[in-house]
Amino acid sequence: MNGRKQQLLKRHRRNKRTALLLALLALALLGVFVAWWLPPLLLVLGWIAHEAWFADHLFYSPRDDYQYDFPADCVSVPVRIEQGALQVEADLAGYDTLLLELRLQATWLGRWLDPHVRIGDDRQDFERGVAGRRYLNLSGQQAHGLSIVPRFCRIDGGLRLHAMRNPDFAAQRMLIIAPHADDAELAAFGQYSRSPETAIVTLTQGEIEAQGYQRLGLDQAAAARLKGRLRAWDSLAAPLWGGVAQARCVQLGYYCLQLPAMAEQPQTPFASRESGECDVRSVRRHNPLALPADADGQPTWDNLIADLAAVIEHYRPEVLLTPHPELDPHHDHVASTRAVLEACAQTRWQPQTLLLYANHLHDNDRWPMGPAGMGIALPPAISALPADRLWSPSLDAERQLDKAMALALQHDLQGALPLKKRLRRLIQRLLAGRRWPVTGEDEFFRKAVRRHELFWVRQR
């Protein structure tokens with residue numbers, strides 16, 4: 001996925017440069033042959049149009065079909081819409097995760113305003129100009145008789161409802177693998193806040209990109225060290241808001257964006273790119289248990305695997321939550337799941353279930369699309385993913401607010417937006433009808449605080 005993302009990004013930038021050169025050439029010709037004042041006026045209008053309608057990073061065509069296969073234990077039945085309500089003849093009692101497969105076609109307005117479907121009291125958004133197969137998430141609602149109202153799009157062709165049955169994984173012993181502080185909250189706050197036996201292990205300090213702390217009079221290395229300490233503290237303190245005691249939170253202290261390099265040279269220490277540190281013990285003083293790498297503090301892959309194996313043996317989880325290796329392309333996230341699977345190969349205790357989550361996508365930086373508080377439709381999968389079962393538990397309004405406050409505790413999600421992003425949001429609010437929550441300015445307050453959380457289920 002990482003290679004594909006780089007290819008998509010290169011193509012996107014190449015197309016954007018080509019379009020910009022053609023536009024500048026056209027403006028120059030207008031200025032010479034029509035009127036001198038047209039180019040600056042059109043430049044301003046073009047920039048506004050770009051910010052309103054063309055600033056999304058979408059590395060596939062909205063006309064592409066989503067490609068999903070579901071496992072053999074998934075029930076798939078044809079359904080229909082009559083007088084705006086879904087008609088389901090099958091008995092789906094006991095099925096917790098419901099996905100409606102349909103084809104959407106954007107109207108003319110749906111090329112300028114976000115197409116979405118109203119599903120009872122929910123709303124799920126899709127790409128502007130959508131024209132293909134998509135999947136609505138009906139989990140948590142009674143499917144039969146549910147109102148289905150498309151806006152700025154229409155529903156074409158037949159519909160199928162896919163139903164999946166899962167145990168309540170939050171009632172089992174869970175271990176959440178968080179590559180960085182805040183990943184556990186983004187992916188699974190709703191579940192760990194109602195779980196009696198959750199533990200969280202955070203792999204990295206999160207010390208890079210600390211320019212904001214240089215305003216305190218610190219140089220780059222000192223700013224990175226401060227940010228690492230703060231985010232390490234966040235990884236231990238924020239879960240308490242969701243009821244996870246500090247005795248069940250572990251910070252390993254490895255360094256951001258170094259995990260893939262560590263994996264390739266397992267015995268070589270990889271220091272921080274920005275802080276200059278090369279000893280992971282600097283942020284381990286509050287850990288509730290001794291770990292193998294405490295002996296030498298070396299940031300090596302072998303130490304990481306040994307640490308994770310010790311954590312698994314200590315907490316004995318039945319369920320592991322870890323980033324989706326085919327869907328979430330962040331380098332540290334892919335390496336984290338690789339590390340935890342290698343650690344499992346060395347442990348006597350064997351977790352039986354993997355719950356995979358995606359906090360990032362390689363081809364759509366707005367997913368989940370639409371406003372905060374609404375449901376999570378399935379993400380784009382232009383190439384078919386493994387046929388995993390899905391689990392999509394619901395969060396009520398109170399738990400959504402608690403999740404937003406858990407994100408507000410994270411230092412990396414605080415601070416004002418840059419001027420460019422504030423202008424973009426203002427333009428999109430006025431011209432594209434988009435809305436952002438009042439709970440926080442970071443984009444994750446919109447993307448992560450939803451009525452659903454979404455996991456892919458793999459049995460080991």
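Keep in mind the model is a prediction, meaning the values are calculated, not measured. Along the sequence shown, the residues carry numbers beginning at 1. Hydrogens, waters and symmetry mates play no part in the numbers below; they use all other heavy atoms, side chains included.
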Practice problem: Compare every heavy atom of D65 with every heavy atom of G132, then report the nearest pair and how far apart it is. | Solution: CA-OD1, 3.2 Å
Quiz prompt | Residue pair V250, I200: steps toward the side chain to side chain contact (heavy atoms under 4.5 Å, CB included) verdict | solution = CA-CA 6 Å; V250 179; I200 300 172; over 6 Å; no
Quiz item: Do L252 and L308 have side-chain heavy atoms sitting under 4.5 Å apart?
Solution: yes
Practice problem: State which residues pass salt bridge (charged side-chain N to carboxylate O under 4.0 Å, His left out) with R231; sequence neighbours excluded, sorted by chain then number. | Solution: D182, D412
Quiz item: Between D234 and R229, is the closest basic N to carboxylate O distance under 4.0 Å?
Solution: no
Quiz item: Does E127 come within less than 4.0 Å of R63, counting only side-chain N to carboxylate O?
Solution: no
Tabulate below the donor-acceptor pairs under 3.5 Å that side-chain atoms of residues 265-273 make, not counting sequence neighbours, or state none.
from, atom 1, to, atom 2, distance (Å)
S272, OG, E207, OE2, 2.8
S272, OG, E274, N, 3.1
S272, OG, S275, N, 3.0
S272, OG, S275, OG, 3.1
R273, NE, Q258, OE1, 3.4
R273, NH2, L257, O, 3.1

Quiz item: Which salt bridge (charged side-chain N to carboxylate O under 4.0 Å, His left out) pairs, counting each pair once, include a residue from residues 334-353, with sequence neighbours left out?
Solution: E264-R338, R338-E342
Quiz item: Given the rule in the side-chain hydrogen bond (donor to acceptor under 3.5 Å, both in side chains) test, do T337 and T322 qualify, once you have shown the distances and angles that lead to the verdict?
Solution: CA-CA 6 Å; T337 298; T322 189; 2.9 Å; yes
Exercise. I would like to know whether W233 and H411 meet ring pair (Phe, Tyr, Trp, His ring centres under 6.0 Å); could you show each step before the answer?
Key: CA-CA 10 Å; W233 179 263; H411 281 80; 9.6 Å; no
Quiz item: Can you check whether E453 reaches R450 side chain to side chain, under 4.5 Å on heavy atoms?
Solution: no
Self-check item: Salt bridge R284-D294, side-chain N to carboxylate O under 4.0 Å
Solution: yes
Quiz item: Do I176 and Y192 have side-chain heavy atoms sitting under 4.5 Å apart?
Solution: yes
Self-check item: Of all pairs that satisfy ring-ring contact (aromatic ring centres under 6.0 Å, His included), the ones with a partner from residues 136-180, not counting sequence neighbours
Solution: F70-H162, H116-F152, F169-W391, H180-H330, H180-H333
Quiz item: Is there side-chain contact between L304 and M262, with at least one heavy-atom pair below 4.5 Å?
Solution: yes
Quiz item: Of all residues at least two apart in sequence or in a different chain, which pass the salt bridge (charged side-chain N to carboxylate O under 4.0 Å, His left out) check with D69?
Solution: none
Quiz item: Taking only residues two or more places apart in sequence, or in another chain, which ones meet D114 in a salt bridge (charged side-chain N to carboxylate O under 4.0 Å, His left out)?
Solution: R128, R434
Quiz item: Within 45° of the six-membered ring axis of Y66 and under 6.0 Å from that ring's centre, is NZ or CZ of R133 located there?
Solution: no
Quiz item: Is the CH2 atom of W53 crowded by more than 12 outside heavy atoms at less than 6.0 Å?
Solution: yes
